[in-house]
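Read through the structure below, which is laid out as structure tokens, and then see the notes.
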2 protein chains.
Amino acid sequence: MPRPGLTTASVTEAAAELVDEIGFEQLSMGVLAERLGVRTPSLYKHVAGQADLAHRIAVLTHHQFADAIRDAIQGRAGGEALAAGAQAMRKWVLEHPGRYTAGNAARASGPDDPLVAAVERVVASWAAMVRGYRLNPAQEIHALRMMRSALLGFATVEAAGGFQFDAAVDDSFTWMINFIDEGLRTIAAGP
Amino acid sequence: MPRPGLTTASVTEAAAELVDEIGFEQLSMGVLAERLGVRTPSLYKHVAGQADLAHRIAVLTHHQFADAIRDAIQGRAGGEALAAGAQAMRKWVLEHPGRYTAGNAARASGPDDPLVAAVERVVASWAAMVRGYRLNPAQEIHALRMMRSALLGFATVEAAGGFQFDAAVDDSFTWMINFIDEGLRTIAAGP
DNA sequence: GCCTCTAGCTAATCGCATTAGCCAGCGCCG
DNA sequence: CGGCGCTGGCTAATGCGATTAGCTAGAGGC
């Protein structure tokens with residue numbers, strides 16, 4: 001019998017895919033091992049345990065998430081960048097609900113946790129979107145946090161199935177982006 | 001030895017308090033039983049199991065959350081209601097982080113799940129805040145969702161310790177409320 | 001003062017994560 | 001080509017926490 005030839009990275013990626021299919025809370029070492037055609041204890045040669053695995057999924061998630069946003073806003077600025085980045089992020093979340101849950105559940109263990117760097121990449125992507133509005137630096141941090149909260153909140157509620165009338169959710173999202181765009185442009189133009 | 005005299009409600013409430021102290025993910029039947037001065041299996045006389053318990057905490061959470069907002073916006077309207085409701089909700093989340101996590105993690109099993117009614121009470125509180133702006137009915141639903149997303153997102157990121165510079169988080173929150181208030185007033189005044 | 005009903009208890013059971021210890025394939029060196 | 005060490009995978013054992021089975025005693029009603 002040939003060896004599957006697993007690595008920490010391949011195990012993590014398989015877990016990420018699995019989690020999108022069955023839901024983060026359903027993840028167990030058993031199902032993952034089965035998916036990889038391996039016995040459960042073998043996984044421990046690549047990850048330290050379930051907590052470690054979840055953490056690795058979270059780090060992977062933030063990197064992929066940051067990539068998706070960065071690619072979307074490439075070469076755009078202002079409202080266009082905002083719209084493109086926001087839509088890309090929403091699409092990504094809907095396509096990777098399990099990963100997204102894992103990413104939100106994770107907590108950094110300390111300043112040198114790789115999760116911190118991964119999260120910073122995401123924040124940097126959003127910061128790039130906000131920067132296009134050329135706000136007062138004192139306001140920029142607040143605008144960034146507002147945007148981050150609104151987008152994350154929307155995606156979270158949607159992923160949880162929290163909106164009653166599914167039909168209009170697309171409209172609500174673009175409406176929200178417009179709302180933010182107009183608000184930021186008003187501020188930028190203001191005193 | 002006198003009987004503790006537990007009930008489903010008292011077990012749920014004790015679990016909610018416990019979860020705020022130790023974190024939702026640390027909740028186990030064992031620690032809860034210990035807290036209540038009882039042996040683990042005894043809890044099963046009041047709740048069907050850990051999943052049931054978590055679900056009950058979530059329902060309780062949404063009701064308390066809705067109460068907190070409703071009380072805060074009593075007798076206020078427009079921007080004042082928005083500010084008061086938002087601040088009350090943020091305060092509540094910071095004081096009850098474990099419960100809040102439990103509430104967000106829960107999923108309704110169907111339309112007659114008591115969780116649905118509880119969530120609707122929360123949404124109704126927010127709807128009351130938005131209604132004060134007398135928007136076009138077509139926009140009201142979008143405004144409601146935007147507000148819900150922004151507030152939930154902010155609370156979630158904050159509860160997760162996701163904001164880097166703690167000092168300015170208060171300012172960011174009031175800035176965000178102002179941003180939303182001004183945007184909604186502009187829309188209300190518009191065409 | 002008895003009777004019933006049930007909250008709480010002790011003693012299994014079970015599932016899943018994790019650990020211990022064994023073994024074989026692969027690459028490398030002679 | 002044959003030996004050697006390293007390491008990934010395996011089986012068997014451990015352990016902890018959730019859950020279930022079956023027993024018992026205290027509180028409330030007659």
Side-chain angles (χ1 to χ4, degrees), chain A residues 1-60 98-99 101-103 105-107 109 115, chain B residues 1-60 98-99 101-103 105-107 109 115:
Chain A
M1 64 192 103
R3 286 201 192 183
L6 303 179
T7 65
T8 300
S10 68
V11 168
T12 305
E13 274 158 36
E17 284 174 25
L18 183 58
V19 127
D20 285 336
E21 293 170 25
I22 66 175
F24 179 59
E25 52 291 334
Q26 313 301 322
L27 178 65
S28 74
M29 299 304 266
V31 284
L32 177 57
E34 188 178 12
R35 159 73 63 112
L36 289 166
V38 117
R39 299 293 183 160
T40 303
S42 304
L43 298 177
Y44 289 80
K45 286 284 154 77
H46 305 288
V47 295
Q50 199 165 227
D52 179 50
L53 176 63
H55 198 265
R56 285 174 190 280
I57 296 173
V59 173
L60 176 67
R99 253 172 260 226
T101 303
R107 297 278 178 282
S109 62
L115 180 61
Chain B
M1 65 190 95
R3 287 200 191 183
L6 303 179
T7 65
T8 300
S10 68
V11 168
T12 305
E13 275 159 36
E17 283 174 26
L18 183 57
V19 128
D20 285 336
E21 293 170 25
I22 66 175
F24 179 59
E25 52 291 334
Q26 312 302 323
L27 178 64
S28 75
M29 298 304 266
V31 285
L32 177 57
E34 188 178 13
R35 158 74 62 113
L36 289 165
V38 117
R39 299 294 183 156
T40 304
S42 303
L43 298 177
Y44 289 80
K45 285 284 154 73
H46 304 288
V47 296
Q50 199 166 228
D52 178 51
L53 176 63
H55 198 267
R56 285 174 190 280
I57 296 173
V59 174
L60 176 67
R99 253 172 260 226
T101 304
R107 295 280 179 281
S109 62
L115 180 62

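So you know, we letter chains A, B, ... as the sequences are listed, proteins then strands, and number each from 1.
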For E34(B) and dG17(D), what is the distance between atoms CD and P respectively, to the nearest whole Å?
-> 11 Å

Listing, residues 16-24 of chain B side-chain donor-acceptor contacts under 3.5 Å, not counting sequence neighbours, or none:
{"unit_1": "D20(B)", "atom_1": "OD1", "unit_2": "G98(B)", "atom_2": "N", "d": "3.0"}
{"unit_1": "D20(B)", "atom_1": "OD1", "unit_2": "R99(B)", "atom_2": "N", "d": "2.9"}
{"unit_1": "D20(B)", "atom_1": "OD2", "unit_2": "R99(B)", "atom_2": "NE", "d": "2.7"}
{"unit_1": "D20(B)", "atom_1": "OD2", "unit_2": "R99(B)", "atom_2": "NH2", "d": "2.9"}
{"unit_1": "E21(B)", "atom_1": "OE1", "unit_2": "R35(B)", "atom_2": "NH2", "d": "2.6"}

CG of L43(B) versus C1' of dG17(D): gap in Å, rounded?
-> 13 Å

Please report the shortest heavy-atom distance between L53(B) and L32(B), naming the atom on each side.
-> CD2-CD2, 3.5 Å

If every non-hydrogen atom of M29(A) is compared with every non-hydrogen atom of G49(A), which pair is closest and at what distance?
-> CE-C, 4.1 Å

I'd like a table of atom pairs between the protein and nucleotides 15-19 of chain C - only N or O on both sides, under 3.5 Å - with the distance next to each one.
{"unit_1": "dA17(C)", "atom_1": "OP1", "unit_2": "M29(A)", "atom_2": "N", "d": "3.3"}
{"unit_1": "dA17(C)", "atom_1": "OP1", "unit_2": "Q50(A)", "atom_2": "OE1", "d": "3.1"}
{"unit_1": "dA17(C)", "atom_1": "OP2", "unit_2": "M29(A)", "atom_2": "N", "d": "3.4"}
{"unit_1": "dT18(C)", "atom_1": "OP2", "unit_2": "Y44(A)", "atom_2": "OH", "d": "2.8"}
{"unit_1": "dT18(C)", "atom_1": "OP2", "unit_2": "Q50(A)", "atom_2": "N", "d": "2.7"}
{"unit_1": "dT18(C)", "atom_1": "O5'", "unit_2": "Y44(A)", "atom_2": "OH", "d": "3.3"}

When K45(A) and K45(B) are each assigned the nearest nucleotide of DNA chain D, the 5'-most assignment goes to K45(A)

Euclidean distance, atom CG of residue L36(A) to atom C1' of dG9(D) [Å, nearest integer] | 13 Å

Minimum-distance pair of heavy atoms, taken over all atoms of H46(B) and T8(B) = O-OG1, 2.9 Å

Looking only at side-chain N and O atoms, does S42(B) come under 4.0 Å of OP1 or OP2 in dA7(C)?
-> no

Output yes when at least one side-chain N/O atom of H46(A) is less than 4.0 Å from OP1 or OP2 of dT7(D), else no.
-> no

Atom CD1 in I57(B), atom CD in E13(B): separation rounded to 0.5 Å?
-> 11.0 Å

For the residue pair V47(B) and R56(B), what are the closest heavy atoms and their distance?
-> CG1-CD, 4.1 Å

